[in-house]
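Numbers restart at 1 for each chain; the letters A, B, ... are given by sequence-line order, proteins then strands.
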Protein chains: 2
Amino acid sequence: MLAAADALFATSDVPGDVTMDAIAAAAGVGKGTLFRAFGSRDGLLDTLWAAKITALREGVESGAPPFVAETPPLERLVAFLDEILTFKLENRHLIRARETRSGLLQSAHYKWMHGQTQALIEDAMGRSTASEALYTAHALLAALHIDLIEEMLASGLSLPAIRKEQGARVRTVIDGVRR
Amino acid sequence: MLAAADALFATSDVPGDVTMDAIAAAAGVGKGTLFRAFGSRDGLLDTLWAAKITALREGVESGAPPFVAETPPLERLVAFLDEILTFKLENRHLIRARETRSGLLQSAHYKWMHGQTQALIEDAMGRSTASEALYTAHALLAALHIDLIEEMLASGLSLPAIRKEQGARVRTVIDGVRR
DNA sequence: CGAGGAATTGGACCCATGGTCCGCAATTCT
DNA sequence: AGAATTGCGGACCATGGGTCCAATTCCTCG
C-alpha cells in the first residue's frame with residue numbers, strides 16, 4: 001500500500017488528485033483496509049513520510065558524515081536544514097499533500113525536525129535562552145515550507161540560489177545572536 | 001454578507017465550522033447569492049481579508065506614524081511585520097481559514113505583504129542582490145504563519161516574547177547581511 | 001481432514017461541503 | 001396593465017474522506 005501510494009504521489013502533479021480510493025485501487029486493496037491500516041489520510045501520509053525519511057533520520061542520529069562531533073555545530077545545522085530541503089523536494093508531492101493540512105505542527109515529523117534544529121541551535125550559539133532557540137528553530141523551518149520553496153522556484157529563483165540564501169541566512173541568524 | 005461572515009469567524013473556534021451555508025444563512029441570503037458575489041470560498045475569504053486589512057494598508061501606504069521617510073528603514077520593517085502579526089492575531093480565525101488552503105502565496109494579499117517587505121529590506125540593507133531581498137522577505141513572512149504563531153503561543157511562549165524574538169530576528173538578519 | 005469460530009477484507013454506503021442551476025418573483029420598461 | 005428582464009434562493013449535484021457489515025479467509029481443535 002505504501003509503495004502504491006508513493007508511486008501515485010510521485011507521478012501526480014496535484015496532491016489532491018491522489019484520493020484514498022485511488023490509492024486503494026492502485027494497491028489492489030479495499031478502502032476499508034487502507035483506513036484500518038492507517039486510520040486516516042493524515043495517518044497514511046505520516047507513515048509514508050516516515051518511511052521515506054528513514055535514511056536521513058538514521059544518518060543524522062547515528063552520526064553519519066557531517067553529523068559528527070568534530071563538525072562545528074553551525075555546520076551541522078546548515079547541513080541538516082539543507083538535507084531537509086533536499087528531502088522535501090525529492091518528495092514534493094507527498095510533502096505538499098501533508099503540509100497543506102492543518103495539524104502539521106503537531107505531527108511527530110515536525111516535532112522531530114524542530115527538536116533537532118533547536119538542539120543544534122543551542123549548540124551553535126553558546127548561551128541562549130530556551131525561547132530564543134525555540135523561536136529560531138520554528139522560524140528557520142518555516143522557510144522550508146514546500147509551498148514556499150516551489151513558489152520561489154516558480155518565480156525564477158534557482159535551487160542553488162535558494163540553498164545558498166538559506167545557508168547564508170542560517171549563518172547570519174546564528175552569528176547575529178551569538179554576536 | 002461580509003459582516004455576517006466576519007461575525008461567524010470571530011466566534012467560531014474551528015474555521016472549518018464556518019461553512020458557506022452557515023454564512024449564507026447568517027446573512028439571510030441564498031447560497032447562490034453568496035457565490036455570485038464572491039465566486040468561491042477563497043474569494044469570500046480574500047474579500048473579507050481585504051476589508052479587515054484596509055486600515056493597516058492605508059496607514060502603511062500613506063505614511064502614518066511609523067511609516068514616514070524619517071524613520072530608518074529597518075525600524076519601518078520591524079514595525080510593519082509587527083503590525084502584520086497583530087493583524088493576523090486579531091483576525092486569527094479568518095486568517096487561519098485562508099492560510100490553511102493552497103494558493104495563498106499567489107494571493108494578492110501575500111504578494112502585497114511580500115512586496116512591502118522586500119522593498120523595506122532593500123531599503124534597510126544598502127546594496128543587496130534582488131534574490132537576497134526576495135528570499136529574505138519570504139523567510140521573514142513565513143515565520144508569521146498563523147498556525148506557527150498559535151503553536152508557539154500554545155507551547156508557552158508569550159505574545160510579548162514572540163514579538164521580541166521576531167524583532168530581534170529581523171534586526172539580526174538585516175544587520176548580518178549588511179555586515 | 002473437516003467443521004466451527006475468529007479475524008480480516010472489500011467495496012457499497014453515508015455524510016458533509018463547495019459549487020451549480022433553474023423556476024420564480026421582483027422590478028423595470030412600454 | 002401587461003410583458004420582458006433581471007437576479008434571487010434554495011434544491012440539487014459531485015466529490016472525497018470515513019464507516020460498516022456481509023462475505024471470505026485463516027486458525028484452531030477434535
Side-chain angles (χ1 to χ4, degrees), chain A residues 1-51 93-109 147, chain B residues 1-51 91 93-109 146-147:
Chain A
M1 292 186 234
L2 286 176
D6 189 28
L8 283 181
F9 278 116
T11 54
S12 144
D13 277 346
V14 184
D17 285 356
V18 182
T19 69
M20 294 302 272
D21 296 74
I23 295 170
V29 97
K31 219 197 328 185
T33 307
L34 212 58
F35 277 89
R36 209 169 316 108
F38 302 106
S40 67
R41 175 164 240 257
D42 283 350
L44 166 55
L45 260 22
D46 283 344
T47 307
L48 189 50
W49 182 318
H93 296 125
L94 165 64
I95 303 298
R96 198 181 175 96
R98 184 61 182 91
E99 285 197 344
T100 56
R101 319 200 78 192
S102 60
L104 174 76
L105 299 180
Q106 283 82 46
S107 76
H109 304 306
D147 276 354
Chain B
M1 292 186 235
L2 286 176
D6 189 28
L8 284 181
F9 279 116
T11 55
S12 142
D13 277 346
V14 184
D17 286 355
V18 182
T19 70
M20 296 302 272
D21 296 75
I23 296 171
V29 97
K31 224 204 315 192
T33 308
L34 211 58
F35 277 89
R36 210 168 311 111
F38 302 105
S40 67
R41 173 165 242 255
D42 283 350
L44 166 56
L45 260 21
D46 283 345
T47 307
L48 190 50
W49 182 318
N91 302 281
H93 296 125
L94 164 64
I95 302 299
R96 198 181 175 94
R98 184 62 182 89
E99 284 197 345
T100 56
R101 317 200 78 191
S102 60
L104 175 76
L105 299 180
Q106 284 83 45
S107 76
H109 304 305
I146 190 68
D147 276 354

From CG of A:Asp42 over to C1' of D:dG16, roughly how many Å is that when rounded to an integer? 14 Å
Separation between OG (B:Ser102) and CD (A:Glu99), nearest 0.5 Å, reads 12.5 Å
Rounded distance (Å) that lies between atom C1' of C:dT20 and atom CE of B:Met20: 13 Å
Can you tell me how far P of C:dT9 sits from CZ of A:Phe38, to the nearest Å? 12 Å
Between B:His93 (side chain only) and B:Thr11 (backbone N and O only), is there a donor and an acceptor less than 3.5 Å apart? no
Under-3.5 Å N/O pairs linking protein and nucleotides 22-27 of chain D:
none

A:Asp17 CG to D:dG17 C1': how many Å, rounded? 16 Å
Pair B:Arg41-B:Val18, side-chain contact (heavy atoms from CB on, under 4.5 Å): steps then yes or no: CA-CA 11 Å; B:Arg41 173 165 242 255; B:Val18 182; 4.3 Å; yes
Sequence neighbours excluded, which residues qualify as side-chain contact (heavy atoms from CB on, under 4.5 Å) partners of B:Ala22? B:Leu8, B:Thr19
Distance, rounded to the nearest Å, where B:Leu8 contributes CG and C:dT17 contributes C1': 16 Å
Just the rounded figure in Å: distance from C1' of D:dA11 to CZ of B:Phe35. 14 Å
Between the protein and nucleotides 11-13 of chain C, which nitrogen or oxygen pairs come in under 3.5 angstrom?
{"unit_1": "C:dG11", "atom_1": "N7", "unit_2": "A:Lys31", "atom_2": "N", "d": "3.2"}
{"unit_1": "C:dG11", "atom_1": "N7", "unit_2": "A:Gly32", "atom_2": "N", "d": "3.4"}
{"unit_1": "C:dG11", "atom_1": "O6", "unit_2": "A:Gly32", "atom_2": "N", "d": "3.0"}

Rounded off to whole Å, could you give me the CD1-to-P distance for the A:Ile23 and D:dG18 pair? 11 Å
Quick check: closest heavy atoms across A:His109 and A:Asp46, and the distance to 0.1 Å? NE2-O, 3.0 Å
Rounded to the nearest 0.5 Å, what separates atom NZ in B:Lys31 from atom CE in B:Met20? 8.0 Å
Minimal non-hydrogen separation, A:Phe9 against A:Ala97, with atom names: CE2-CB, 3.7 Å
Checking contacts here: which listed nucleotide (D:dG18, C:dT17, C:dG19) is nearest the side-chain heavy atoms of B:Thr19? C:dT17
In terms of heavy-atom contacts, A:Ala4 and A:Ile23 come closest through CB-O, 4.4 Å
Can you tell me how far CG of B:Leu94 sits from CG of B:Leu48, rounded to the nearest 0.5 angstrom? 4.5 Å
What integer distance in Å separates B:Leu45:CG from C:dG19:C1'? 15 Å
